[in-house]
A.B. asks: 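Before anything else, here's the structure in question.
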Amino acid sequence: AFLSSLLEFDKDGITAETIEKVEPYIQRDDFKPEIIQKVSKACTSICKWGIAMYTYYMVSMQVAPKRAALKEAQDSLENTKKELAAAKVTLAEV
């Protein structure tokens with residue numbers, strides 16, 4: 001159950017509030033997989049997962065505006081294609 005909750009975790013649903021809560025732990029000098037591995041193999045994997053989710057959030061915050069711009073560009077392209085198709089029909093009638 002615990003492993004499946006990690007595998008099925010909604011990484012796109014991570015909030016800024018959650019990041020604010022975990023960031024002090026992520027930033028600690030002793031929160032490194034190679035250090036934690038000396039104490040617990042299981043905790044090493046959880047540490048790696050936590051760092052990966054934190055990194056994913058940070059990267060997704062940088063990518064989000066680019067995704068929005070891409071969607072806007074794609075919508076604009078679709079509108080331009082429709083206008084072009086209408087213009088071709090009009091041209092064919094002439």
Side-chain angles (χ1 to χ4, degrees):
F2 177 70
L3 181 59
S4 64
S5 71
L6 294 179
L7 294 172
E8 297 170 9
F9 184 77
D10 179 18
K11 62 185 175 279
D12 293 315
I14 299 172
T15 63
E17 181 183 348
T18 301
I19 291 300
E20 287 175 15
K21 289 179 181 177
V22 301
E23 193 164 32
Y25 300 102
I26 298 292
Q27 300 300 328
R28 288 178 56 132
D29 291 337
D30 59 350
F31 194 75
K32 306 275 186 266
E34 55 274 4
I35 294 172
I36 293 175
Q37 183 177 6
K38 296 173 185 175
V39 179
S40 169
K41 298 281 185 186
C43 288
T44 301
S45 298
I46 294 170
C47 173
K48 288 179 180 180
W49 180 86
I51 292 169
M53 293 299 104
Y54 177 83
T55 303
Y56 180 87
Y57 175 83
M58 292 303 180
V59 170
S60 70
M61 290 295 101
Q62 294 176 352
V63 172
K66 294 174 183 170
R67 284 185 180 162
L70 174 61
K71 181 171 180 357
E72 187 177 317
Q74 288 174 330
D75 292 345
S76 176
L77 176 62
E78 285 303 313
N79 289 336
T80 303
K81 284 181 178 180
K82 289 175 185 175
E83 291 173 7
L84 177 61
K88 284 182 178 181
V89 168
T90 303
L91 183 61
E93 292 173 356
V94 173

A.B. asks: Calculate, to the nearest 0.5 Å, the distance between atoms NZ and CG belonging to Lys81 and Asn79 respectively.
C.D. replies: 11.5 Å
A.B. asks: Side-chain heavy atoms under 4.5 angstrom apart, residues restricted to Ile, Leu, Val, Met, Phe, Trp, Tyr: same cluster for Ile35 and Ile46?
C.D. replies: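 In one cluster: no.
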A.B. asks: Transitively linked via ILVMFWY side-chain contacts under 4.5 Å: Ile51 with Met61?
C.D. replies: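 Hydrophobic grouping puts Ile51 with Met61.
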A.B. asks: Where the side chain of Ser76 meets the backbone of Ala73, is there a donor-acceptor pair that is under 3.5 Å apart?
C.D. replies: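 Such a contact is absent between Ser76 side chain and Ala73 backbone.
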A.B. asks: Begin from the C-alpha positions of Glu23 and Tyr57 and carry the test side-chain hydrogen bond (donor to acceptor under 3.5 Å, both in side chains) through to its verdict.
C.D. replies: CA-CA 11 Å; Glu23 193 164 32; Tyr57 175 83; over 6 Å; no
A.B. asks: Determine the minimum heavy-atom distance between Gln62 and Pro65, stating which atoms define it.
C.D. replies: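 What the structure gives for the nearest pair is O-CD, 3.5 Å.
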A.B. asks: Measure the spacing between OH of Tyr54 and CZ of Phe31 and express it to the nearest 0.5 Å.
C.D. replies: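 The CZ atom of Phe31 is 11.5 Å from OH of Tyr54, to the nearest 0.5 Å.
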A.B. asks: Please check if Ile26 and Met58 belong to a single hydrophobic cluster, counting links between Ile, Leu, Val, Met, Phe, Trp and Tyr side chain heavy atoms closer than 4.5 Å.
C.D. replies: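 Cluster IDs for Ile26 and Met58 match.
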A.B. asks: Membership question, hydrophobic clusters at under 4.5 Å side-chain separation (ILVMFWY): are Met53 and Leu6 in the same one?
C.D. replies: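 Linked within one cluster.
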A.B. asks: Give a yes or no on whether Lys32 atom NZ has more than 12 heavy-atom contacts from other residues, nucleotides or ligands under 6.0 Å away.
C.D. replies: yes
A.B. asks: Could you go through Lys82 and Glu78, starting from their C-alpha distance and side-chain angles, then the distance that decides it, and tell me whether this counts as salt bridge (Lys or Arg N to Asp or Glu O under 4.0 Å)?
C.D. replies: CA-CA 6 Å; Lys82 289 175 185 175; Glu78 285 303 313; 5.8 Å; no
A.B. asks: Quick one: OG1 on Thr80 to CG on Asp75, what's the gap to the nearest 0.5 Å?
C.D. replies: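 If we round to the nearest 0.5 Å, Thr80:OG1 and Asp75:CG are 10.5 Å apart.
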A.B. asks: What do you reckon, is CD of Glu17 surrounded by more than 12 foreign heavy atoms closer than 6.0 Å?
C.D. replies: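 No.
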A.B. asks: Using the rule that Ile, Leu, Val, Met, Phe, Trp and Tyr join whenever any side-chain heavy atoms are under 4.5 Å apart, tell me whether Trp49 and Val59 fall into a single cluster.
C.D. replies: no
A.B. asks: Might you confirm whether atom CD of Glu34 has over 12 heavy atoms from other residues, nucleotides or ligands at distances under 6.0 Å?
C.D. replies: yes
A.B. asks: Nearest 0.5 Å, what's the CD1-OG distance between Ile14 and Ser60?
C.D. replies: 7.5 Å
A.B. asks: More than 12 heavy atoms of other residues, nucleotides or ligands under 6.0 Å from CG of Asp29: yes or no?
C.D. replies: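 Atom CG in Asp29 is not crowded, with 12 or fewer foreign heavy atoms closer than 6.0 Å.
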A.B. asks: Of the non-hydrogen atoms in Ile36 and Cys47, which two are nearest, and what is the gap between them?
C.D. replies: CD1-SG, 3.6 Å
A.B. asks: With a 6.0 Å cut-off (strictly less than), is the heavy-atom count around OH of Tyr25, excluding the residue itself, greater than 12?
C.D. replies: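 Counting other residues, nucleotides and ligands, OH of Tyr25 stays at 12 neighbours or fewer.
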